[in-house]
Q: 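Dropping a structure here in structure tokens format, bear with me for questions.
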Amino acid sequence: MSIENATQVPSKVSVVSGFDITRIRADFPILAQEVHGKPLVYLDNAASAQTPQPVLDALIKFYQQDYSNIHRGVHVLSQRSTEAYEDARLKLQRHFNAEEVSEIIFVRGTTEAINLVAQTYGRSHIHKGDEILISAMEHHSNIVPWQMLCEQTGAVLRVIPMDDQGTLDMEEFDKLLSPKTKLVSVVHVSNALGTINPVKEIIKKAHSIDVPVLLDGAQACPHMKIDVQDLDCDFYTMSGHKLFGPTGIGTLYAKSKWLEALPPYHGGGDMIESVSFEKSVYAKAPHKFEAGTPNIAGTIGMGAAIDYLQSIGMEQIAAYEAELLDYATKALEQISGLRLIGTSPNKASVLSFVLDGIHPHDIGTILDQKGIAIRAGHHCAEPVMKRFGIPATARASLAFYNTHAEIDALVDGIETTIRLFQ
Ligand code: C6P
């Protein structure tokens, strides 16, 4: 992996060695279409990323050849389905470097993963007067479950502030972290700002006073290598649809010491050892936390997405995206009347911006007419909008299949938008 002379290269062609963007784009059939008569430029990857052909193939193969319920059939199809489902768990374990395969719990996505921790760890370990520490740049799914828990228990939510660039105020974090803190739950990469938070430092400090840490990894894991043992986080959450896999599937990683200690989240089939009317004995993790028939196909598709990402390499992806983000940031900074929201020095592939006198929804609508898909709105991060004194932003979010030419098309689209409003 190398980025040679990144700052001297004018544009358009990546200098990340061995990164074959043409071959990669060919893996994503959806990208080769026109929208409103223009080539599709898909820059809404933070909402949901596109699905490569190998993932589509894995889903079709599963439904055509192996489809059945899991963990309960003696017949061949059920055994094949069970094997494929548990094989996906192994892939997730290796990808995130979890110590044990049982530390990978399949859930619907990041939202469900955080609710699971709130209602299991939270209900059993957090009491009246205790404090939960989140940050000022959380997605609603890392705010609302904790507010619900606070209502249920009488605990108190505290918020680590950020500066005008969208960088967390670590001095304030030091002050807020106290013996009252029972959990720190922070976003790894902000969906609204792109900020990469100093999560290792946060974890180290929290652990020094025995406070566990949850990381919302929804926006981090598509862009960088995640090693949960190296991070030493207690809980890590992600969504398959942001990681080039299907919707309705995601993962909660939790250290096994927690999974053994925590009560189940949902009750039902597949999460028990035995049931009688007097008493039920729960299965061990991960099954204790996976009641009912899960999203079997989604899990297998997510496993195929992991295989696909590994075939490219997360380091390659991170290097290519760093270069593309740098190119896009410099290009957007040149546009008069454009203000980037989220200018932290440590950022991943998100470009949130506002234009003088033009509502973000109008920007999104005009760009759509040019075939460019971005998201406009509060991005389920209303407190972030409030912090920056704006109702919404236009957000272009990148993936490794985006190109420098697509950034040029975005810049051209923004300039057209500005002209239309003059
Ligand atoms: N952000 C976005 O456009 P789910 O919906 O459970 O898969 O993911 C929720 C979630 C949690 N945390 C972060 C940091 C997120 O970005 C998201 C989803 C999408 O930014 C949809 S609102």
Side-chain angles (χ1 to χ4, degrees), residues 42-51 92 105-119 134-148 159-160 162 166 168 184-197 199 202 213-224 226 233 235-253 265 294-295 298-299 301-302 305 341-342 344 346-353 360-361 363-364 373-385 387 392-399:
Y42 189 76
L43 298 173
D44 195 17
N45 296 287
S48 280
Q50 297 299 347
T51 315
L92 269 292
I105 312 291
F106 291 129
V107 289
R108 278 192 294 142
T110 301
T111 303
E112 188 175 50
I114 297 173
N115 277 278
L116 190 159
V117 178
Q119 292 302 314
I134 61 171
S135 85
M137 65 180 85
E138 299 307 326
H139 185 276
H140 296 167
S141 64
N142 199 24
I143 302 173
V144 184
W146 305 117
Q147 289 173 331
M148 289 162 69
V159 182
I160 312 160
M162 61 179 158
L168 275 191
V184 176
S185 186
V186 289
V187 71
H188 192 168
V189 170
S190 157
N191 70 317
L193 304 169
T195 310
I196 304 175
N197 282 319
V199 289
I202 289 173
V213 179
L214 180 150
L215 297 180
D216 170 353
Q219 299 292 349
C221 59
H223 305 295
M224 60 187 76
I226 306 295
C233 53
F235 305 100
Y236 198 93
T237 67
M238 57 77 74
S239 300
H241 67 106
K242 299 192 197 287
L243 200 67
F244 315 96
T247 52
I249 187 67
T251 296
L252 167 68
Y253 157 80
Y265 178 41
N295 182 351
T299 306
M302 184 165 66
I341 306 293
S344 184
N346 202 10
K347 271 188 69 172
S349 306
V350 169
L351 296 137
S352 250
F353 61 92
H361 284 133
I363 304 171
I374 62 152
R375 184 171 173 187
H378 54 57
H379 316 298
C380 299
E382 281 192 58
V384 174
M385 301 300 125
R387 167 66 181 78
T393 71
R395 182 189 68 180
S397 52
L398 313 176

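One-based numbering, in listed order, for ligands and for the atoms of each. Here the structure is a predicted model, which is why all the values come from computation and not from measurement.
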Q: Just checking, any donor-acceptor pair under 3.5 angstrom between side chains of Asn142 and Ser185?
A: yes
Q: Identify the protein heavy atom lying closest to atom 15 (C) of ligand 1, giving its residue, its atom name and the separation to 0.1 Å.
A: His139 CD2, 3.4 Å
Q: Which ligand 1 atoms, with their elements, are less than 4.0 angstrom from a heavy-atom of Lys242?
A: 1 (N), 2 (C), 8 (O), 17 (C), 18 (C), 19 (C), 21 (C)
Q: Name the option, out of Arg375, His379, His378, Arg108, that contains the heavy atom nearest to atom 2 (C) of ligand 1.
A: Arg375
Q: Would you mind reporting whether Val117 and Leu252 have side-chain heavy atoms less than 4.5 Å apart?
A: yes
Q: May I ask you to test the His139-Val187 pair for a side-chain heavy-atom distance under 4.5 Å?
A: no
Q: Under 4.0 Å, counting heavy atoms only: does His188 come that close to any atom of ligand 1?
A: no
Q: Given Asn191, Val107, Asp216, which has its nearest heavy atom closest to atom 13 (C) of ligand 1?
A: Asp216
Q: Which of the numbered atoms in ligand 1 are under 4.0 angstrom from any heavy atom belonging to Val187?
A: 14 (C)
Q: As an exercise, state the distance from CG of Leu43 to CD1 of Ile374, rounded to the nearest 0.5 Å.
A: 8.5 Å
Q: Tell me, which protein residue and heavy-atom name are nearest atom 16 (O) of ligand 1, and how many Å apart are they?
A: Gln219 NE2, 2.7 Å
Q: For the residue pair His140 and His378, does the interplanar ring angle fall in the parallel (under 30°), tilted (30 to 60°) or perpendicular (over 60°) class?
A: tilted
Q: Might you work through the side chain to side chain contact (heavy atoms under 4.5 Å, CB included) test for Phe235 and Leu215, ending with a clear yes or no?
A: CA-CA 6 Å; Phe235 305 100; Leu215 297 180; over 6 Å; no
Q: Ignoring hydrogens and angles, state whether a donor on the side chain of Ser190 or Thr195 is under 3.5 Å from an acceptor on the partner side chain.
A: no
Q: Which residue supplies the protein heavy atom nearest to atom 6 (O) of ligand 1, what is that atom called, and how far is it?
A: Thr111 OG1, 2.5 Å
Q: Taking atom types as modelled, is there a side-chain donor on Ser239 or Thr110 under 3.5 Å from an acceptor on the other?
A: yes
Q: Quick check on salt bridge (Lys or Arg N to Asp or Glu O under 4.0 Å): which of Arg395, Arg375, Lys242 does Asp44 satisfy it with?
A: Arg395
Q: Could you tell me, atom by atom, which parts of ligand 1 come under 4.0 Å of a heavy atom of His241?
A: 4 (P), 7 (O)
Q: For atom 8 (O) of ligand 1, what is the closest protein heavy atom, and at what distance to 0.1 Å?
A: Ser239 OG, 3.6 Å
Q: Going by the atom numbers of ligand 1, which of them fall below 4.0 Å from some non-hydrogen atom of Ser141?
A: 9 (C), 10 (C), 11 (C), 12 (N)
Q: Could a heavy atom of Glu112 be found less than 4.0 Å from some atom of ligand 1?
A: no
Q: Can you name the atoms of ligand 1, numbered from 1 with element, that are less than 4.0 Å from a heavy atom of Cys380?
A: 22 (S)
Q: Indicate, as side chain, backbone, both or neither, the part of Arg395 found under 4.0 angstrom from ligand 1 when only non-hydrogen atoms are considered.
A: side chain
Q: Would you check if Leu92 and Thr299 make a side-chain contact, meaning some heavy-atom pair closer than 4.5 Å?
A: no
Q: Please work out, at 4.0 Å between heavy atoms, whether the side chain, the backbone, both, or neither of Ala218 comes within that distance of ligand 1.
A: side chain
